[in-house]
Trainee: 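First, the structure itself, so that you have it in front of you.
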Amino acid sequence: MMEERLLILISLKTGDLLLVKKAQNKLSEMIIRGTKQTFLDRPLAYYHIGIVEKEGTDFFVLHATKDHGCIRQPLDQFISEEGLIDVYRKSSPLINSLKILKRAKSMLEAPYNPSFRLDQPGYYCSDYVVNAFKDENIFHLSPMVFGPNGSVLPEWQQYYENLDLPVPNGQLGSSPNSLISQGHLKFIGAINS
């Protein structure tokens, strides 16, 4: 198990995506409950996503976080904070990983968008990834879901009441699970703290 983890870590490339599957708080639980789905007979229950940057022998994760906005974080710190992480990579070679990185870095220090609405300032995690990968043409926005079969879970109703905004159910957006289900990424392996 440790040897497999080491091989995955060594093989990481700039542009790989890290998807987190263990809920850390109420919001992450809500994201998993509201957006989980099955793709190619594999259950998708992720709540967070970040982009790998390899700089020499060091690794970083660029991502949008609720507490700190858009940040660049050392990989080892990300792993220790997040726990259960799956690594995905674009199925075909990236067109330009440096352009992805440049675009991701241009969004650093932007605020977090807690509404998940595209008409609000800042970025949420999958929105950050969609924007960074814009020129790769692999991700498209899809109708957002906040519960099974078009329903809205009660906790999402309360969440949006607290934001004084309507639930954007069915509006275009993204989630970590919707990005995987678009079929342009392959599973590389798991990294667990």
Side-chain angles (χ1 to χ4, degrees), residues 12-21 27-28 30-32 34-35 37 39 44 46-55 59-75 77-78 81-82 85-146 159-160 163 165-188:
L12 286 176
K13 298 178 181 181
T14 293
D16 284 350
L17 297 171
L18 304 181
L19 284 101
V20 182
K21 57 186 173 180
L27 180 60
S28 58
M30 289 168 46
I31 292 169
I32 289 171
T35 67
Q37 55 189 281
F39 178 69
L44 301 178
Y46 299 109
Y47 80 89
H48 188 63
I49 187 169
I51 304 167
V52 171
E53 174 191 7
K54 183 177 181 181
E55 184 180 85
F59 292 93
F60 299 91
V61 181
L62 292 87
H63 58 127
T65 70
K66 181 179 173 227
D67 295 331
H68 305 291
C70 299
I71 63 170
R72 180 179 185 251
Q73 180 179 34
L75 176 63
Q77 182 184 8
F78 181 85
E81 289 177 6
E82 299 297 347
I85 301 164
D86 285 346
V87 179
Y88 283 83
R89 183 173 292 149
K90 185 178 172 195
S91 300
S92 58
L94 291 173
I95 295 169
N96 190 336
S97 62
L98 295 178
K99 201 168 193 179
I100 293 168
L101 201 54
K102 182 178 179 182
R103 191 178 304 254
K105 286 183 174 182
S106 76
M107 294 182 283
L108 292 176
E109 299 183 20
Y112 182 74
N113 176 355
S115 73
F116 310 108
R117 298 171 59 95
L118 299 179
D119 61 353
Q120 298 294 308
Y123 301 94
Y124 54 94
C125 67
S126 57
D127 181 39
Y128 181 83
V129 169
V130 168
N131 279 283
F133 277 74
K134 186 177 179 179
D135 293 333
E136 292 290 320
N137 297 312
I138 60 171
F139 299 131
H140 61 271
L141 300 178
S142 57
M144 291 191 288
V145 295
F146 294 84
Y159 180 83
Y160 279 95
L163 292 176
L165 290 168
V167 179
N169 201 36
Q171 289 185 15
L172 291 180
S174 62
S175 73
N177 296 316
S178 73
L179 299 186
I180 299 296
S181 69
Q182 292 177 27
H184 299 288
L185 301 173
K186 63 182 175 185
F187 177 73
I188 301 299

Trainee: Is the shortest side-chain heavy-atom distance between Leu118 and Leu141 below 4.5 Å?
Mentor: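 The answer is yes; the side chains approach within 4.5 Å.
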
Trainee: Using only atom types and a distance under 3.5 Å, with no angle test, would you say the side chain of Glu109 pairs donor to acceptor with the backbone of Gly69?
Mentor: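 Checking the backbone N and O of Gly69 against the side chain of Glu109, no donor-acceptor pair under 3.5 Å is found.
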
Trainee: Taking atom NZ of Lys105 as the centre, does the number of heavy atoms from other residues, nucleotides or ligands within less than 6.0 Å exceed 12?
Mentor: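 Enclosed: over 12 neighbouring heavy atoms sit under 6.0 Å from NZ of Lys105.
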
Trainee: Please tell me if the side chains of Glu81 and Gln73 come closer than 4.5 Å, counting only heavy atoms from C-beta onward.
Mentor: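 Yes, their side chains come closer than 4.5 Å.
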
Trainee: Sequence neighbours excluded, which residues qualify as side-chain hydrogen bond (donor to acceptor under 3.5 Å, both in side chains) partners of Asp127?
Mentor: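 Asp127: side-chain hydrogen bond (donor to acceptor under 3.5 Å, both in side chains) contacts with Asn131.
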
Trainee: For the backbone of Gly15 and the side chain of Ser97, can you confirm whether one donor and one acceptor N or O come within less than 3.5 Å of each other?
Mentor: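 No, Ser97 side chain to Gly15 backbone: no donor-acceptor pair under 3.5 Å.
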
Trainee: Looking at NE2 of His48 and OG1 of Thr65, how far apart are the two atoms once the value is rounded to the nearest 0.5 Å?
Mentor: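 These two atoms lie 7.0 Å from each other.
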
Trainee: Quick one: side-chain hydrogen bond (donor to acceptor under 3.5 Å, both in side chains) partners of Asp135, sequence neighbours excluded?
Mentor: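 With sequence neighbours excluded, Asp135 shows a side-chain hydrogen bond (donor to acceptor under 3.5 Å, both in side chains) to Lys99, Arg103, given in chain and number order.
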
Trainee: Between the side chain of Gln171 and the main-chain N/O of Met144, is any donor-acceptor distance below 3.5 Å?
Mentor: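 Answer holds: no.
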
Trainee: Treating Tyr159 as the side-chain partner and Val167 as the backbone partner, does any N or O pair qualify as donor plus acceptor under 3.5 Å?
Mentor: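 No, Tyr159 side chain to Val167 backbone: no donor-acceptor pair under 3.5 Å.
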
Trainee: Give me the atom names and distance for the closest heavy-atom approach of Lys90 to Lys186.
Mentor: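 Shortest heavy-atom separation between Lys90 and Lys186 comes out as O-CE, 4.2 Å.
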
Trainee: Please lay out, stage by stage, how Leu94 and Thr14 fare under the test side chain to side chain contact (heavy atoms under 4.5 Å, CB included).
Mentor: CA-CA 10 Å; Leu94 291 173; Thr14 293; over 6 Å; no

Trainee: With distance as the sole test, does Gln182 use its side chain to make a donor-acceptor pair with the main-chain N or O of His140 at under 3.5 Å?
Mentor: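 Present.
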
Trainee: So if I apply the ring pair (Phe, Tyr, Trp, His ring centres under 6.0 Å) rule between Tyr88 and each of Phe133, Phe139, Phe187, which one comes out positive?
Mentor: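 Of the listed residues Phe133, Phe139, Phe187, the ring pair (Phe, Tyr, Trp, His ring centres under 6.0 Å) partner of Tyr88 is Phe187.
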
Trainee: Is Pro166 close to Arg117 at the side-chain level, that is, under 4.5 Å between some pair of heavy atoms?
Mentor: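 Arg117 vs Pro166: side chains touch.
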
Trainee: Holding to side-chain hydrogen bond (donor to acceptor under 3.5 Å, both in side chains), I want the full list of residues that pass it with Asp67, two or more places apart in sequence or in another chain.
Mentor: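 Partners of Asp67 under the side-chain hydrogen bond (donor to acceptor under 3.5 Å, both in side chains) test: none.
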
Trainee: Would you call Ile85 and Phe78 a side-chain contact if the rule is heavy atoms closer than 4.5 Å?
Mentor: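 With C-beta onward as the side chain, the pair touches.
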
Trainee: If you round to the nearest 0.5 Å, how far is OH of Tyr124 from OG of Ser175?
Mentor: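 Separation between the atoms: 8.0 Å.
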
Trainee: Kindly indicate whether the side chain of Asp16, heavy atoms from C-beta on, has any atom under 4.5 Å from the side chain of Ile188.
Mentor: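 SC-SC contact between Asp16 and Ile188 ruled out.
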
Trainee: How about Leu18 and Val87: do any of their side-chain heavy atoms sit closer than 4.5 Å?
Mentor: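 With C-beta onward as the side chain, the pair touches.
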
Trainee: Would you please indicate if the ring centroids of Phe146 and Tyr160 are separated by under 6.0 Å?
Mentor: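 Yes; Tyr160 has its ring centre under 6.0 Å from that of Phe146.
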
Trainee: Just to verify, which of Ile49, Val130, Asn113 counts as forming a side chain to side chain contact (heavy atoms under 4.5 Å, CB included) with Cys125?
Mentor: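 Exactly one candidate clears the test, Ile49.
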
Trainee: With side chains defined as the heavy atoms from C-beta onward, is the minimum distance between Pro168 and Ser115 less than 4.5 Å?
Mentor: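 Not touching, per the 4.5 Å side-chain cut-off.
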
Trainee: Of the options Ile100, Ile51, Leu62, which is the one that meets Val129 in a side chain to side chain contact (heavy atoms under 4.5 Å, CB included)?
Mentor: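 It is Ile51, the one option of Ile100, Ile51, Leu62 that forms the side chain to side chain contact (heavy atoms under 4.5 Å, CB included) with Val129.
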
Trainee: Does any part of the side chain of Tyr128, heavy atoms only, come nearer than 4.5 Å to the side chain of Cys70, both counted from C-beta?
Mentor: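 A side-chain contact exists here, since the closest heavy-atom pair is under 4.5 Å.
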
